[in-house]
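Here is the structure we will look at.
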Amino acid sequence: ASDVTGIPFVELLEALWGIAPSRLADELARLGLGGSADAHLAGLSEAERAEVRDFVDFLVARHPRGARTLSPLTNGPR
């Protein structure tokens, strides 16, 4: 369905059934598929995790808010 609508699958799950992307990520991680950054960050020192947080903050600050394209079918985010 997401291929036809152009809406990412995780956004369809959230919009139609209220399934948060984090829940999907957790379920996939439990099955050994995908996973979150937490597992990768666990082995880092506190100083290294602080560097990662700083970099994430930098990326978020430079990302234009609302720059996502709209789905032609729903006029909502794609």
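Here the structure is a predicted model, which means the values were calculated and not measured.
Separating the CG atom in Leu13 from the CD1 atom in Ile7 is a distance of 11.5 Å, to the nearest 0.5 Å.
Under a hydrophobic-cluster definition in which Ile, Leu, Val, Met, Phe, Trp and Tyr are linked whenever side-chain heavy atoms come within less than 4.5 Å, directly or via other members, Val60 and Phe55 are assigned to different clusters. Phe58 is not connected to Val56 by any chain of hydrophobic side-chain contacts under 4.5 Å among Ile, Leu, Val, Met, Phe, Trp and Tyr, and they are in different clusters.
Contact check for Leu44 versus Arg49: side-chain heavy atoms found under the 4.5 Å cut-off.
For the pair Glu46 and Arg53, the salt-bridge criterion is met [side-chain N within less than 4.0 Å of a carboxylate O].
Not a single donor-acceptor pair under 3.5 Å links the side chain of Glu27 to the backbone N or O of Leu24.
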